[in-house]
Amino acid sequence: MGEGASSLFPNYGRYALSFVKGEGSRLWDENGKEYLDLMCGLAVTNLGHAPKQVTERLKEQVDTLWHTSNLFHIPNQEKLAKLLTDNSCGDAVFFCNSGAEANEAAIKLARRYFQKIVGKPDQYEIITFHQSFHGRTLATLTATGQDKVKEGFAPLPEGFVYAPYNDAEALEKMIGPKTCAIMIEMVQGEGGVIPAEPAFIQKVAELCEQRGLLLIVDEIQTGVGRTGKMFAYENFGIEPDIFTLAKGLGSGMPIGAMLGKEKLRQAFSAGSHGSTFGGNYLSTAAGIATMETMLEEKLPQRAEELGGYIVSSLKNKLAGNPLVKEIRGLGMLIGIECTQPVADLITVIQEQAVLVVSAGPNVIRLAPSLVISKEDIDRGLDVICAVLSKQAAAAV
Ligand SMILES: *Cc1c(COP(=O)(O)O)cnc(C)c1O
């Protein structure tokens, strides 16, 4: 469809590609051409496309009941909440429909806890980090440490300040009498696949403990098995007070979740926050099936092993390539940082029927499904590395 012919707002830059069917790590376009998916709709379809365990549960639910209202008890919500709290440090769950909404809920909970429970209404400021990404609502784009998402949207809500990532000394200096929380990603996804340094995260947790601040971990991209643990904070031996999920939680059904520790539960009293669709029968059915499959098939562990294999393969295959600056990641969230913008390279890789996505201008991001076969991985990496080699040869 040519520009001008579309009835949509042009707020997405889209590739000239569209898919009609998906199965596992494969997608087919309208001409029947098959693609290998190494991005999973941006770390969403962690069980592959149309995973049987989820589609079966969804079909059953579609035939039974879709929606009542959060004015009534929703057994699926209780069940998914229990699955999440039994397998994490969280004690209470709020369900919504997206990542931004989950972070919005986290921001509201942190403020309300200080105002209603702690009794310190002047303590409302949240420290976030440069290059972070937390969403597109007014509060979450303000929390985001990148100017490009804020352009043209002033006035922005108050109460956010930004610290350099992986710099504990600078962070400590920014904590003041108004600070109520630190909000952080364990791997900055949109910012360029930048994993946090373990010592830095230790220090962040320690500072929160010492100064009585809430630690909010944004697990929207990293959560649900992606980084080699069910939740990325487990890689660092810390426990957040609040953490947020969305992308991988419903295998593609829209769902978000915000989890908090017991002391925060009463800060969200009846009527203080809500969502019409949040945690409805369909999205929570997908969430339950996704979590059960993750646990039964030990997919976080698989992500750890296969992620290690991908990084070491890439390091072997790309050794000496002058275009490649660094290969890094955590589990199966992996970045290839190049010395030049990667948009054109990604298009060339796409033309060879492999789907990857950028993370910032210079990083090729890989987020394959956690059930992808090793053969598919090898084939995909061969294509990517051949494109990078060819480009490097052309540059000399
Ligand atoms: C994708 C993402 C969000 C926003 O999620 P939406 O569902 O698009 O609102 C927030 N934080 C992180 C870390 C993300 O990767």
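None of the values given here were measured: they were computed from a predicted structure. Count residues from 1 along the sequence. Order of appearance sets the numbers: ligands from 1, and atoms from 1 within every ligand.
For Asn103, every heavy-atom contact with ligand 1 shorter than 4.0 Å involves the side chain, none the backbone. The proximity of Ala246 to ligand 1, defined as any non-hydrogen pair under 4.0 Å, does not occur for either the backbone or the side chain.
Proximity of Leu355 to Leu17: side-chain heavy atoms (C-beta onward) are separated by under 4.5 Å at one or more points.
Judged by distance alone, with hydrogens and angles left aside, the side-chain atoms of Arg136 form no donor-acceptor pair with the main-chain N or O of Leu141 at under 3.5 Å.
Summary of contacts: the protein heavy atom closest to atom 5 (O) of ligand 1 is Gly99 CA, 3.3 Å. The nearest heavy-atom contact from the protein to atom 11 (N) of ligand 1 is Asp218 OD2, 2.8 Å.
Applying the 6.0 Å contact sphere to CD of Glu262 captures more than 12 heavy atoms from other residues, nucleotides or ligands. The environment of Glu169 atom CD is sparse: at most 12 non-hydrogen atoms of other residues, nucleotides or ligands sit within 6.0 angstrom.
Residues Glu190 and Gln146 bring no donor and acceptor atom of their side chains to less than 3.5 Å of each other. In this model, a donor atom of one side chain and an acceptor atom of the other lie less than 3.5 Å apart for Glu219 and Thr222. Side chain to side chain, Asp378 and Ser313 fail the donor-acceptor criterion of an N or O pair below 3.5 Å.
Set against the non-hydrogen atoms of His134, the atoms of ligand 1 under 4.0 Å away are 10 (C), 11 (N). Within ligand 1, counting atoms from 1 as listed, the ones closer than 4.0 Å to a heavy atom of Ala100 are 4 (C), 5 (O), 6 (P), 9 (O).
Looking at Gln221, Glu185, Lys247 and measuring to atom 14 (C) of ligand 1, the nearest heavy atom belongs to Lys247.
In terms of polar-atom proximity, Gly135 is not counted as a contact of ligand 1, lacking any N or O under 3.5 Å from an N or O of the ligand.
At a distance under 4.0 Å, no protein heavy atom can be found next to atom 8 (O) of ligand 1.
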